[in-house]
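Take a look at the structure below.
Just so it is clear, the model here is predicted, and its values are computed rather than measured.
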There are 2 protein chains.
Amino acid sequence: MKSGMELVQIYECLCDTTRLRILNVLGQGPLCVCHFQEILNEPQVKISKHLAYLRVRGLVEVERRGNWMIYELPANPSRELAANLACLQDCATEKAVFNRDLARLRRLDLTCAPVAAKRGTTKRCC
Amino acid sequence: MKSGMELVQIYECLCDTTRLRILNVLGQGPLCVCHFQEILNEPQVKISKHLAYLRVRGLVEVERRGNWMIYELPANPSRELAANLACLQDCATEKAVFNRDLARLRRLDLTCAPVAAKRGTTKRCC
DNA sequence: GATTCATATACCTGCACAGGAATATGAAAT
DNA sequence: ATTTCATATTCCTGTGCAGGTATATGAATC
């Protein structure tokens, strides 16, 4: 986390639906960009730019694995961030969009390995 | 509360420092615009416009009392709104700006009646 | 070394909003 | 009726995105 992290900056990150969906999905664990594309069903550039927005502001962290970029929630979030992410997860359980995303995430977990095998590589992004 | 209230709209209301300060102060009870001006030490137009922003989106409610407009948090907030306001109050306790506001609010409570008396009216806005 | 794959960035357009100055409203006091 | 007081609204300017298209990067594969 950045030290000068202000509460407003957290809320600025939270005031876009796509970013909310990203953070909600990340609550289940790290994920790569291609999976975000499938889960949110949004164009690559859109996902990528929102992830950059979140990264610059310290709401997500990245790690490269070959061609894939694995995004995850910060390992040591500030108290405010932790509180707000928890609040978001809680609120999200009541909203259809977020539930649909989580459903698609679960389906991905099942099919990810076979799909990777089919395209001739044993490597998985996440 | 509006029925179509979405989570993002709440966050949109929260992503401005002035509005955060307003909501934090309102956590202590209803307040009129003139007191917001004193507590936040911001120009009238700024306060007024942010209050309008919050009112339109259902984050605050208004009641006229003579010349004064008394603002307060919604009587029946949605679950998301309640959760996020609670989260805000919690996070605010660690930040200097918010504490200073609350300190000025407490000081106002002490001086409000005498001041009203001094200007020759027994009526108080709040 | 050329190509492919996964992702990022640059560039553009449009829109919503923040902040300030000036003015309008509307209730109360004179 | 006019003035005063508390607050709201209008008009203006600048800025920060959101979303899209096209292009760049950089690792892996052929």
### Task
Could you check how far CG of Leu51(B) sits from P of dA18(C), rounded to whole Å?
12 Å
### Message
Please enumerate all residues that pass side-chain hydrogen bond (donor to acceptor under 3.5 Å, both in side chains) together with Asn84(A), with sequence neighbours excluded.
### Response
Tyr11(A)
### Summary
Asn67(B) atom CG is separated from dT30(C) atom P, nearest whole Å, by 12 Å
## Note on the structure
The nucleotide from dA18(C), dA8(C), dG26(C) with an atom nearest the side chain of Tyr71(A) is dA8(C)
### Query
Is a side-chain N or O of Arg57(B) found less than 3.5 angstrom from the main chain of Tyr53(B), in a donor-acceptor match?
yes
#### Entry: Nearest-Å distance for atom pair CD/P, residues Glu42(B) and dG19(C)
8 Å
### Message
Measure CD/Glu63(A) against C1'/dT7(C) and give the value in whole Å, please.
### Response
15 Å
### Message
At less than 4.0 Å, is any side-chain N or O atom of Arg64(B) found next to OP1 or OP2 of dA28(C)? Yes or no.
### Response
no
### Query
With sugar-phosphate meaning primed atoms plus P, OP1 and OP2, does Phe36(B) contact a base, only sugar-phosphate, or nothing at under 4.0 Å between heavy atoms?
nothing
### Query
Picking from dG20(D), dA6(D), dG20(C), which would you name as closest to the side chain of Pro43(A)?
dG20(D)
### Task
Establish, with yes or no, whether the OP1 or OP2 oxygen of dA27(C) is under 4.0 angstrom from a side-chain nitrogen or oxygen of Arg65(B).
no
### Query
Looking at side-chain heavy atoms only, is the closest gap between Leu7(B) and Leu88(A) below 4.5 Å?
yes
### Task
Return the value, rounded to whole Å, for the distance between atom CD of Glu38(A) and atom P of dT7(C).
10 Å
### Query
Looking only at heavy atoms, which two atoms of Ile22(B) and Leu54(B) are closest? And how far apart?
CG2-CD1, 3.9 Å
## Note on the structure
Atom CE of Met69(A) and atom P of dT25(D) are separated, to the nearest Å, by 15 Å
### Query
How long is the line joining NZ of Lys46(A) and P of dG20(D), in whole Å?
6 Å
### Query
Do the side chain of Asn24(B) and the main chain of Gln89(B) share a donor and acceptor less than 3.5 angstrom apart?
no
#### Entry: Side chain of Tyr53(A) (C-beta onward), nearest among dT7(D), dG26(D), dA18(D)
dA18(D)
### Summary
Quick note, Trp68(A) side chain, CB onward, closest among dT7(D), dA6(C), dG19(D) is dA6(C)
### Task
Rounded to the nearest angstrom, tell me the gap between atom CD1 in Ile47(A) and atom P in dA18(D).
13 Å
### Task
Can you check each nucleotide of nucleotides 9-15 of chain C against protein heavy atoms at under 4.0 Å and return B for base, S for sugar-phosphate only, - for none, in 5' to 3' order?
B------
### Task
Using a cut-off of strictly less than 4.0 Å, decide whether His50(A) has a side-chain nitrogen or oxygen near OP1 or OP2 of dC17(D).
no
### Message
Determine whether a donor-acceptor pair (N or O, by modelled atom type, separation under 3.5 Å) exists between the side chain of Arg64(B) and the backbone of Gly66(B).
### Response
yes
Show which side-chain atoms of residues 36-48 of chain A pair as donor or acceptor with protein atoms under 3.5 Å away, not counting sequence neighbours.
residue  : atom : partner  : partner atom : Å
Glu42(A) : OE1  : Lys46(A) : NZ           : 3.2

